[in-house]
Amino acid sequence: MVLKIAVLISGRGSNLQSLIDAQEAGSLSAKIVLVISNVPDVMGLERARNAGIPIKTINHKNFADRETFENALHTALTDDNIEYVCLAGFMRLLTDNFVKKWIDRLVNIHPSLLPSFKGLDTHERALNAGVKFTGCTVHFVRPEMDDGPVILQAAVPILPDDDASSLAARVLTQEHVIFPLAIKMIAEGRVLVENGRVKIKGAGMPGDPIINPSG
Ligand code: GRF
């Protein structure tokens with residue numbers, strides 16, 4: 001049985017596109033049944049429409065509070081029998097109440113090597129900190145922002161001439177690799193959460209460590 005997933009977005013939707021591309025290539029092992037945006041008329045909705053995926057706009061501004069907004073989200077997801085929810089650039093914090101309903105079935109992509117650089121402006125902050133690597137993380141969501149068991153990470157070197165936008169582009173390329181890969185692993189039933197940590201059945205090991213700078 002194919003895993004039924006929904007993707008929640010707020011904007012550009014390039015990570016959504018990577019999931020669509022993997023689905024179309026037959027390498028996602030999951031079906032994107034629904035795309036929900038909390039912001040009207042964003043590019044991500046256009047991407048879903050072009051792929052023939054049903055879309056919904058649930059604009060948080062039309063709700064009195066977070067609870068009623070999240071109730072509307074939850075109803076849309078359960079109406080479509082969604083099993084897993086992917087946050088792909090979804091720019092609303094979700095409350096404990098919502099997160100608990102979807103515990104270990106709610107996955108986020110974040111543009112840093114968590115737990116470093118939670119929150120916004122991750123690339124500027126990595127540059128300012130002078131670290132030599134940054135990257136991206138796919139993780140299960142917990143009530144604290146950008147917290148939760150890590151599923152996959154990709155490390156990306158920071159180069160001497162980088163600015164925030166060159167670094168963001170290098171990291172984004174890897175986001176588009178690890179998000180579909182994480183969803184595929186979940187859909188294949190290979191991802192287990194045990195004592196707050198993720199175990200992946202049959203996980204491949206990476207090659208040699210990378211050192212930056214290399215000499
Ligand atoms: C990505 O960098 C993602 O990691 C972060 O928000 C950005 C969304 O980009 N959570 P896009 O909308 O997927 O292009």
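Counting starts at 1 for both ligands and their atoms, following the listed order.
- Ring planes of Trp102 and His74: perpendicular class, angle over 60° (limits at 30 and 60°).
- Of all protein heavy atoms, the one lying nearest to atom 9 (O) of ligand 1 is Arg12 NH2, 3.1 Å.
- For Ile9, the heavy-atom gap to ligand 1 stays at 4.0 angstrom or more.
- A salt bridge links Arg142 to Asp104: at least one charged side-chain nitrogen sits closer than 4.0 Å to a carboxylate oxygen.
- Regarding atom 11 (P) of ligand 1, its nearest protein heavy-atom neighbour is Ser14 N, 3.4 Å.
- If you chain together ILVMFWY residues whose side-chain heavy atoms come under 4.5 Å of each other, Val2 ends up in a group of its own.
- Inter-residue side-chain proximity for Leu8 and Asn38 is flagged as unmet; no heavy-atom pair is nearer than 4.5 Å.
- Residue contact check for ligand 1: Gly44 places no non-hydrogen atom closer than 4.0 Å to it.
- Considering each of His110, Glu175, Met91, His176, the one bringing a non-hydrogen atom nearest atom 2 (O) of ligand 1 is Glu175.
- Using modelled atom types, one side-chain atom of Glu70 and one backbone atom of Thr95 make a donor-acceptor pair closer than 3.5 Å.
- A pairwise comparison of heavy atoms in Val42 and Ser37 identifies CG2-OG, 3.5 Å as the closest pair.
- Residue-ligand proximity, Gly13 to ligand 1, at heavy-atom distances under 4.0 Å covers atoms 11 (P), 12 (O), 13 (O), 14 (O).
- Here the closest heavy-atom approach between residue Ile200 and residue Met185 is recorded as CD1-SD, 3.9 Å.
- For the pair Ile109 and ligand 1, the shortest N or O to N or O distance falls below 3.5 Å.
- The distance criterion of under 3.5 Å between nitrogen or oxygen atoms is not met by Leu16 with respect to ligand 1.
- Atoms of ligand 1 lying under 4.0 Å from any heavy atom of Gly89, numbered from 1 in the order shown and given with element: 6 (O), 8 (C), 10 (N).
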